[in-house]
There are 2 protein chains.
Amino acid sequence: MIYTVGEIANKLNIAPSTIRYYDKEGLIPFVERSSGGIRMFKDSDFEWLSIIECLKQTGMSIKEIKTFIDWCMQGDETISQRKALIEKQREIILEQIKQMQETLAMLDYKTWYYETAEKAGTCKIHETFSEEDIPEEFRDAYKRAKGYFIKNNI
Amino acid sequence: MIYTVGEIANKLNIAPSTIRYYDKEGLIPFVERSSGGIRMFKDSDFEWLSIIECLKQTGMSIKEIKTFIDWCMQGDETISQRKALIEKQREIILEQIKQMQETLAMLDYKTWYYETAEKAGTCKIHETFSEEDIPEEFRDAYKRAKGYFIKNNI
DNA sequence: ATACAACTTAAAGTTAACTTTAAGTCAATA
DNA sequence: TATTGACTTAAAGTTAACTTTAAGTTGTAT
């Protein structure tokens, strides 16, 4: 099965210009052309584009993805480099998830904060609370917020 | 206690130019000036900047943060808007964490994949595996990867 | 009084990852 | 064969969130 850039863009729900851009940046060096110069995508190219999408999700830049693709092109001799790169990305994602969970905890606390403020009609109600008045699940975020959110009635 | 832009930038570990930029964008309308025009930060302004940093962590743009700050300036009458905004950010973060956890699962699988390939000396080893050969914790990611990563020996 | 580091502004520059535009070519259909 | 929609390229434009530059001012220390 052969696809044009428009067809594959449609299937992957990305813009044709994006795929042409990836091509220009060397992310899909294996895509063949017709005698007239039109890109002819095979199913395996389609799959490569899925991989690129996946790697983007891991926070890799276009340049890093190109490095990875180049290594893939070289075959089994680059397995250890690829492994190291994947492990690096894994560490990055782990750190990001940790950071996001802290942010989520703060937002959970703030949601409760505004629910309480809404009921009372004022944010000032929170000045009257001490640690024991805060629901346990929000206490850690509360301690972090105390210094600025609460002092400033935000 | 009063701080200059350089002092506060140092304390928050951000560039002075960033703080000036935030000022220009209306994120810190409450900061006062000396008769000569120099910004004079108070401790509460310092705290506001901490809040801005926190909101940025939630993925809010400068424009959205400005909206939020403007609402804060208006006082208790904007509590419900602020609550809605925080709840919206919470939903966004929740979705992002979910996405990241899927990506992490894929990277965990890929780490195992390359460890195995490294031992075997080739990625082709994975063509010989069927679902039961994959460690259980990687099976979901394996099913997603099967279509493209494995077929292409990546 | 003078030096000098740190402040001020407006405006231009940076970066990544695209997107748009313009001018032209290809290939399928009437 | 002519039309037409989708393709091609190079180059310029876009966006957000800063950063840098240039020219000038402030305020503290000697």
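Order of the sequence lines fixes the chain letters, A, B, ..., with proteins taken first and strands second; residue numbering starts at 1 for each chain.
- Distance, B/L27 CG to D/dA16 C1': 13 Å, rounded to whole Å.
- Atoms CG (A/D23) and P (C/dA17) sit 17 Å apart, rounded to a whole Å.
- Residues passing the side-chain hydrogen bond (donor to acceptor under 3.5 Å, both in side chains) test with A/D140: none are found, sequence neighbours excluded.
- Between the side chains of B/Y3 and B/N10, not a single donor N or O lies within less than 3.5 Å of an accepting N or O.
- For A/R20, no side-chain nitrogen or oxygen approaches OP1 or OP2 of D/dT9 to under 4.0 Å.
- Taking the six-membered ring where tryptophan is involved, the planes of A/F68 and B/Y114 are perpendicular, since the angle between them exceeds 60° and thus also 30°.
- Side-chain atoms of B/Q89 come within 3.5 Å of backbone N or O of B/T58 as a donor-acceptor pair.
- The interatomic distance linking B/E64 (CD) with D/dA16 (C1') rounds to 12 Å, in whole Å.
- Ring pair A/Y109/A/W112 is tilted by interplanar angle, where 30° to 60° counts as tilted.
- What separates CD1 of B/I19 from P of D/dA17 is a distance of 17 Å, to the nearest Å.
- Taking side-chain N and O atoms only, A/T18 has no distance below 4.0 Å to OP1 or OP2 of C/dA17.
- In this structure, CD1 of B/I62 is placed 5 Å from P of D/dA17, rounded to the nearest angstrom.
- A rotation axis mapping the C1' atoms of four pairs onto the next four is fitted at both ends of the helix from C/dA1-D/dT30 to C/dA30-D/dT1 over five pairs, and the angle between these axes is 10° to 10 degrees.
- Comparing A/R39 and B/K24 by the nucleotide of DNA chain D that holds the closest heavy atom to each, the one mapping nearer the 5' end is A/R39.
- Side-chain nitrogen and oxygen atoms of B/Y21 include none within less than 4.0 Å of the OP1 or OP2 phosphate oxygen of D/dT20.
- The structure places CD1 of B/I2 at 5.0 Å from CE of B/M40, a figure rounded to the nearest 0.5 Å.
- The 5' end of DNA chain C is approached more closely, in terms of each residue's nearest nucleotide, by B/G6 than by the other of A/S17 and B/G6.
- At least one side-chain nitrogen or oxygen of B/R33 sits closer than 4.0 Å to the OP1 or OP2 atom of C/dT9.
- For the pair B/Y3 OH and C/dA6 C1', the computed distance is 18 Å after rounding to whole Å.
- Salt bridge absent: A/R82 and A/E87 never bring a charged side-chain N and a carboxylate O closer than 4.0 Å.
- Taking only side-chain nitrogens and oxygens, B/S34 comes nearer than 4.0 Å to OP1 or OP2 of D/dG27.
- B/I14 places its CD1 atom 12 Å from the C1' atom of D/dC18, with the value rounded to the nearest Å.
- Between A/K56 and C/dC18, a side-chain N or O to OP1/OP2 separation shorter than 4.0 Å is present.
- Taking side-chain N and O atoms only, A/Y22 has no distance below 4.0 Å to OP1 or OP2 of C/dA17.
- A salt bridge links A/E32 with A/K42: the distance from a Lys NZ or Arg NE/NH1/NH2 to an Asp or Glu carboxylate oxygen falls below 4.0 Å.
- Taking atom CE of B/M40 as the reference point, atom P of C/dT8 lies 11 Å away to the nearest angstrom.
- The residue among A/G36 and B/T4 whose nearest nucleotide of DNA chain C is located toward the 5' end is B/T4.
- Considering only side-chain atoms of B/V5, the nucleotide from D/dC18, D/dT19, C/dC7 that sits closest is C/dC7.
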